[in-house]
Structure formats: C-alpha cells, structure tokens
Amino acid sequence: MVRIIPMASSIRPSLSTFRLCNGSFTTPRYATAACSSLFSFRTRFDCLGIGVTQSKFDNFKVSKILRKEGNRLKVAAKGNIAQSSTTTTPENALEWVKKDNRRMLHVVYRVGDLDRTIKFYTECLGMKLLRKRDIPEERYTNAFLGYGPEDSHFVIELTYNYGVDKYDIGSGFGHFGIAVDDVTKTVELIKAKGGKVTREPGPVKGGKTVIAFIEDPDGYKFELLERGPTPEPLCQVMLRVGDLDRSINFYEKAFGMELLRKRDNPEYKYTIAMMGYGPEDKSAVLELTYNYGVSEYEKGNAYAQIAIGTDDVYKTAEAIKLFGGKITREPGPLPGINTKITACLDPDGWKTVFVDNIDFLKELE
C-alpha cells in the first residue's frame with residue numbers, strides 16, 4: 001500500500017509534496033489526510049466530508065447525531081453530512097468571522113537536530129519544553145516549547161523527521177519575534193552559549209524600540225524586542241508577501257484579524273503590516289512584509305504553518321473560499337482522533353490550519 005507523506009506541517013506538520021512509505025519526510029496526524037488509518041476510515045465515512053457524495057452513503061445509516069457546543073456538524077439518519085447553518089454570502093461570512101473565537105495556537109517548522117534546538121531554546125531563549133512526542137511508525141518526533149501552557153499561549157511546535165538534518169528556509173520566511181526585558185543581557189547570554197548574533201542590540205531604524213537579531217542552530221532568525229512584562233513573549237511571526245493590500249484584505253476578511261498598524265519605510269524600500277487578534281504587547285501577531293517590487297518568494301521546505309483556533313471549521317472554510325483563499329484540506333474530523341480541522345493557503349501560498357477549539361482542549365487533556 002502506498003502511504004502519502006506530505007511535505008509541510010500542520011498542527012502536526014504536513015507536507016506539500018508526497019513520497020512513498022520509505023520516503024525521508026513524514027507528516028504527523030494533523031496534516032496527514034492519507035495513510036493506512038485513513039483508508040480504513042474512508043471506507044466507513046469517506047473521510048467525513050472530504051469529497052463526500054450521496055451515492056456513497058445511500059445504504060449507510062447513522063442513528064446517532066453528533067453534536068457539541070461550538071460545532072455545527074450533524075450526521076443525518078441516512079448518512080447525509082450537513083451543517084446546521086450555512087454561511088452563503090460574503091456579508092454573513094464576514095459577520096460570523098468577526099464573532100468567531102479565534103486565537104493563534106502555535107507555529108510549526110522543521111529542525112535537523114531536535115535535542116540541539118531544545119537546548120538552545122530553553123537555555124538561551126528561556127522557553128520551557130511543554131511536551132514531546134515520538135511517532136516511530138511515521139518516523140518523526142514533535143516537541144512543543146513556549147513561555148506558558150498551550151491552552152493559553154502561542155507556542156512553537158518543532159518537527160524532526162528521522163534522518164533529515166537540514167532544510168531550506170527559503171527567502172519568504174522572515175523571523176520570529178520574542179519580547180524580552182533586556183535585549184543586551186539576552187544577547188550576552190546567547191553569545192556565551194555559542195549562539196549567532198546577526199544584529200547587535202540597538203534602536204530600530206526610525207524608532208526607539210531596542211532590538212537585536214539572532215539565529216538558532218538551523219538558521220531561523222529571531223528578533224529580540226525590548227519590552228516590559230507581557231503575557232505573550234513569543235509575539236511575532238514575520239512572513240513576506242507580494243501584495244500587501246491584498247494580504248491585509250484577506251487576513252481581515254477570511255481570518256478575522258485586525259490591522260493593528262502599518263508602517264512604510266521608503267528609505268529601505270519595504271512596508272510592514274501587523275495583523276492579529278489582540279494588541280501587540282499582549283498577543284502573538286502576524287507581521288507581513290512587502291519589499292518594493294518583489295511579488296514572489298521561495299518558501300523552501302523548513303517553515304510549515306500557523307495553527308489558529310476556531311469555533312467552527314466548516315464556517316471557517318466557507319469564509320476562506322469566499323474571500324479568495326484555497327482550501328487544501330476540507331473541514332472534518334481527523335481519522336482516529338476526531339479533532340476537526342481545515343487547512344488553507346493565503347494568496348501568497350502561506351499555509352494555515354484551523355482547529356476546533358473544543359477538540360483542541362480535549363487533545364491537551
């Protein structure tokens with residue numbers, strides 16, 4: 001049997017290309033819409049919403065209605081899969097998106113040496129190892145790190161694929177942002193531990209905020225921002241986009257994010273937009289950067305995606321389609337664990353996975 005092994009992670013990383021079972025890249029359950037468990041599941045439920053047709057369910061009877069707070073999915077007695085309410089117009093979709101309870105859950109990317117990266121993040125950046133999970137049958141290991149529990153903080157999900165020690169970060173991914181009390185002291189500690197500093201501490205160009213840039217052992221860049229106590233030290237993910245206005249419009253309408261601020265820097269020929277679900281000093285935000293005249297970037301195979309919580313993955317998928325996004329994983333439960341997700345690409349091809357809020361909390365239990 002052929003097992004589909006993607007090449008870009010999701011909540012549990014997913015991949016955008018596929019290989020056979022003996023391929024070097026694996027994808028954890030959140031992104032794997034195929035493998036043996038899926039095939040057996042599909043014969044019973046036809047993937048619960050992935051390309052379901054009525055003909056496949058003519059003789060399939062379900063006596064139980066599956067429902068729970070925050071979820072609109074119902075399985076009807078004759079096997080029809082439907083939602084209790086549908087968002088069919090842009091106006092309805094926009095209204096619902098703004099009311100949805102959304103939060104950035106975690107960011108997923110791949111590293112070549114998991115223990116080395118954990119050591120650097122805990123000793124140099126002050127993160128805690130929240131949990132670690134090894135899946136030998138799929139040949140990968142996950143580690144979750146951050147500054148607080150996953151049910152209330154934005155965290156990092158690292159993925160190590162057995163035998164893969166190097167990835168291409170590409171030119172599209174920018175950096176992660178970490179708020180610290182004292183940038184200079186943090187940089188001194190990083191240097192003492194053998195870390196690489198690419199920008200010494202000092203005021204940001206055109207501003208007063210003290211920043212510095214460092215690189216982790218895999219070459220991912222981190223911006224250290226001097227900031228007072230904050231509930232969300234892991235505070236930014238910066239991605240480059242080819243049309244900033246288009247991206248702002250998409251993230252506002254499809255994702256329900258707010259444009260927190262926008263700053264143009266003609267001297268250095270770039271413009272940034274901060275997007276998020278709350279203020280920068282208290283929430284993790286998405287920093288979109290447009291470099292004058294650059295419309296496309298190489299994404300490489302290292303960075304995977306951001307995961308966002310939602311009350312309803314079905315309505316979320318509808319809104320994304322209405323506002324120009326591409327659904328890469330139709331909404332529905334994951335085989336074997338029943339956590340409902342949907343995955344999409346923004347206009348620049350950056351991937352995001354939306355996860356049912358209640359299912360996510362159940363998984364953490």
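Count residues from 1 along the sequence.
- Judged by distance alone, with hydrogens and angles left aside, the side-chain atoms of D168 form a donor-acceptor pair with the main-chain N or O of G170 at under 3.5 Å.
- Of the residues listed (T342, N357, T316), the one engaging T310 in a side chain to side chain donor-acceptor pair (under 3.5 Å) is T316, and it is the only one.
- L224 pairs with exactly one of V197, I211, V187 by the side chain to side chain contact (heavy atoms under 4.5 Å, CB included) rule, that one being V187.
- Taking all atoms of both residues into account, the shortest heavy-atom contact from V204 to K208 is CG1-N, 4.2 Å.
- No side-chain heavy atom of L145 sits less than 4.5 Å from a side-chain heavy atom of L130.
- Here the OG atom belonging to S283 is positioned 10.0 Å from the CD atom belonging to E258, to the nearest 0.5 angstrom.
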**Request:** Take D281 and T230, measure what side chain to side chain donor-acceptor pair (under 3.5 Å) needs, and give me the verdict at the end.
**Result:** CA-CA 6 Å; D281 60 340; T230 173; over 6 Å; no
**Message:** Run E363 and I337 through side chain to side chain contact (heavy atoms under 4.5 Å, CB included) and show every step you take.
**Reply:** CA-CA 9 Å; E363 276 204 55; I337 62 171; 3.7 Å; yes
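- The closest side-chain donor-acceptor pair between D134 and Y162 falls under 3.5 angstrom.
- The hydrophobic cluster containing Y277 does not contain M238, counting ILVMFWY residues as joined when their side-chain heavy atoms lie under 4.5 angstrom apart, directly or transitively.
- Atom-to-atom distance recorded for T352:OG1 and I308:CD1 is 5.0 Å, nearest 0.5 angstrom.
- Side-chain rings of Y109 and Y220 approach one another, their centers coming within less than 6.0 Å.
- One finds no salt bridge joining E223 and R199 here, because no Lys/Arg side-chain nitrogen approaches an Asp/Glu carboxylate oxygen to under 4.0 Å.
- Here the closest heavy-atom approach between residue L189 and residue C124 is recorded as CD2-O, 3.8 Å.
- In summary, D165 and R110 do not engage in a salt bridge, as defined by a charged side-chain N under 4.0 Å from a carboxylate O.
- Closest approach of G332 and V313 over heavy atoms only: N-CG2, 4.3 Å.
- Remark: K253 NZ is loosely packed, at most 12 non-hydrogen atoms of other residues, nucleotides or ligands lying under 6.0 Å away.
- Panel note: side chain E287, backbone I272; no donor-acceptor pair is recorded below 3.5 Å.
- Contact check for I156 versus Y121: side-chain heavy atoms found under the 4.5 Å cut-off.
- A salt bridge is defined here as a Lys NZ or Arg NE, NH1 or NH2 lying under 4.0 Å from an Asp or Glu carboxylate O, and K191 with E200 meets this definition.
- Both Y147 and L129 are part of a single hydrophobic cluster, where members link through side-chain heavy atoms under 4.5 Å apart.
- A donor atom on one side chain and an acceptor atom on the other are not found under 3.5 Å apart for K269 and N265.
- Rounding to the nearest 0.5 angstrom, the gap separating the CZ atom in F222 from the CD atom in Q236 is 12.0 Å.
- Remark: M275 CE to M104 CE distance equals 11.0 Å, nearest 0.5 Å.
- Heavy-atom minimum distance, R102 versus G256: NH1-N, 4.0 Å.
- Here SG of C235 is found 12.0 Å from CZ of F176. Values are rounded to the nearest 0.5 Å.
- Within the 4.5 Å cutoff, the side chain of N142 has no heavy atoms near those of the Y160 side chain.
- Ring pair F250/F255 is tilted by interplanar angle, where 30° to 60° counts as tilted.
- K315 has its side chain out of reach of D100: every pair of non-hydrogen atoms, C-beta onward, lies at least 4.5 Å apart.
- Below 30°, between 30° and 60°, or above 60°: for W350 and Y303 the angle between ring planes is above 60°, a perpendicular geometry.
- By the 4.0 Å N-to-carboxylate-O rule, R246 lies close enough to D348 to be salt-bridged with it.
- With salt bridges taken as basic N to acidic carboxylate O contacts below 4.0 Å, none links K166 and D113.
- In this structure, Y314 has its ring center no closer than 6.0 Å to that of F354.
- A single hydrophobic cluster is seen to contain both V237 and I169, as judged by linkage of ILVMFWY side chains at heavy-atom distances under 4.5 Å, directly or through other members.
- In this model, a donor atom of one side chain and an acceptor atom of the other lie less than 3.5 Å apart for Y251 and D346.
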**Request:** With side chain to side chain contact (heavy atoms under 4.5 Å, CB included) as the test, would you mind laying out the steps for M127 and V155 before giving the verdict?
**Result:** CA-CA 9 Å; M127 293 185 190; V155 306; over 6 Å; no
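- Two residues are said to be in side-chain contact when any heavy atoms from C-beta on lie closer than 4.5 Å; L125 and I214 meet this criterion.
- In this structure, F360 and H106 have tilted ring planes: the angle between them lies in the 30° to 60° band.
- The shortest non-hydrogen separation linking Y167 to A302 is CB-CB, 3.6 Å.
- Using a 4.5 Å heavy-atom threshold, the side chains of L239 and T289 count as separate.
- T117 and D216 are not linked by any side-chain donor-acceptor pair at a separation below 3.5 angstrom, with hydrogens and angles left out of the test.
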**Request:** Evaluate the criterion salt bridge (charged side-chain N to carboxylate O under 4.0 Å, His left out) for residue pair D218 and R116; output intermediate values, then yes/no.
**Result:** CA-CA 10 Å; D218 288 273; R116 176 186 65 183; 3.6 Å; yes
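- Considering only heavy atoms from C-beta on, V285 comes within 4.5 Å of L260 through its side chain.
- For NZ of K98, the number of neighbouring non-hydrogen atoms (other residues, nucleotides, ligands) closer than 6.0 Å is greater than 12.
- Closest non-hydrogen pair, T328 versus C344, comes out as OG1-N, 3.7 Å.
- If you check the side chains of D359 and T339, you find no donor sitting under 3.5 Å from an acceptor.
- Interatomic distance, CE of M274 versus CD1 of I248, reported as 11.5 Å (0.5 Å rounding).
- Under the 4.0 Å criterion applied to side-chain N and carboxylate O atoms, R240 and E296 are not assigned as salt-bridge partners.
- A cation-pi arrangement, defined by a distance under 6.0 Å to the six-membered ring centre and an angle within 45 degrees of its axis, is present between R131 and F144.
- Aromatic ring centres of F213 and H175: separated by under 6.0 Å.
- Side-chain contact between M257 and E252 is absent, with no heavy-atom pair separated by less than 4.5 Å.
- For the residue pair N291 and Y297, a side-chain donor N or O sits within less than 3.5 Å of a side-chain acceptor on the partner.
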